[in-house]
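This report refers to the structure that appears directly beneath it.
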Amino acid sequence: MRRSLILLCLLASYTATPGTSPRRAETFGDWSTPFPVASLNTDSNDMYAVLSKDELTVYFTSDRQGTIGLDDLWYATRDSADAAWGPAQNMGEINSVAADSLPMLSYDEHVMFFQSTRAEGCGKGDIWMTRRRDKRSQDWEVPIKLGCDTVNTGANETAPAFFENPGTAEVTLYFGSDRTGGLGDYDVYASVVGEDGYFGPGLLVSEFSSPKRDTRIFIRKDGLEAFITSSRDTGQGRIDIWTSTRETLSDPWPPIPIDLPSPINSTCDDGSPSLSRDGTTLYFFSNRTTGLQCGNRDIWYATREKIKQENAIEGMVNTFSQMVARLTGNH
């Protein structure tokens, strides 16, 4: 437990400066047509991809040949952000004979959280973490599970998502759980690192939850855009990616997220979204195919452009001027 305490203290203190002013949302264009990541996908299930900060390493889950258990954690590297991914490598000893999946990095990339169904856990599935001293290395320490009376329970905890508030430096771990007391199937919970360095109890996040299945979320680094994996009603497929935005960190999240339009979502399963650090690339899984049937899961990505703030302001001014001209007849 002391080792876990030291780790979490480090997580809680290493970047943002408390007391910074509220941040306003950046402006982005529309998402492109998604493409499968051919250099990562196989005939097996390949999913739950997350990028490193420099976009030169990707971590993901697969049950491909060479997997130790039911699902394993894998990674691949590339020479540049425009290059194809190299051969996938199994993450070795941090995997077990059970299912190990859904990797998520801390912002300094020294800690990885993941879900595992290994027998030493607290329940059906649990959140575990592993640490490395050098983010340029793939030498990870023996994983340890998070507390059985806070994050993990006798139910199933899954899909960890790391967020550090840039205004307060508060560290929060989001995750999905089917524990009793929620709104439905799986719901989204949040555990905050307290002043003692420990993760606190998981509390229901109603803004990201529904009577249906709500699991993997991802919050943009500035804290102003969130993506949710959900099977809630009015979606386009069985599982969709939904999104919520807010103007500043002090604003609450909207009570109901918005379903991302086609072609991001399809009539098949689309989920487990993760953003590049600059917010312009979205990785997710999909089991869409070129035919009428949904197949195995593959890793897909889409991109969008960041709109410069001065261009966004100029566009709003022009739109406002046009509205005034129409109302006054000066056009």
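Given the structure is predicted, the values throughout are model-derived calculations rather than measurements. All heavy atoms count here, side chains included; hydrogens, waters and symmetry mates do not.
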When you group the ILVMFWY residues by side-chain heavy-atom contacts below 4.5 Å and let the links chain together, are [Y] and [X] in the same group?
{"X": "I241", "Y": "I217", "value": "yes"}
{"X": "W74", "Y": "W85", "value": "yes"}
{"X": "I239", "Y": "I264", "value": "no"}
{"X": "Y174", "Y": "F227", "value": "yes"}
{"X": "Y48", "Y": "W128", "value": "no"}

Any chance [atom1] of [X] has more than 12 other-residue heavy atoms, nucleotides or ligands included, within less than 6.0 Å?
{"X": "L70", "atom1": "CG", "value": "yes"}
{"X": "I256", "atom1": "CD1", "value": "no"}
{"X": "D43", "atom1": "CG", "value": "no"}
{"X": "E305", "atom1": "CD", "value": "no"}

Less than 6.0 Å separating the ring centroids of F285 and W300?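 No, ring centres 6.0 Å or more apart.
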Identify which one of R288, R297, R238 satisfies the salt bridge (Lys or Arg N to Asp or Glu O under 4.0 Å) criterion when paired with D270.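 When salt bridge (Lys or Arg N to Asp or Glu O under 4.0 Å) is applied between D270 and each of R288, R297, R238, only R288 qualifies.
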Heavy-atom side-chain contact between M112 and M129 under 4.5 Å: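 In short, these two side chains do not touch, never coming nearer than 4.5 Å.
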Between [X] and [Y], does at least one N-O distance fall below 4.0 Å, as a salt bridge requires?
{"X": "R304", "Y": "D30", "result": "no"}
{"X": "K306", "Y": "D278", "result": "no"}
{"X": "R179", "Y": "E157", "result": "yes"}

Please round to the nearest 0.5 Å and tell me the distance separating atom CD of Q115 and atom CG of N152.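 It is 9.0 Å, given to the nearest 0.5 Å.
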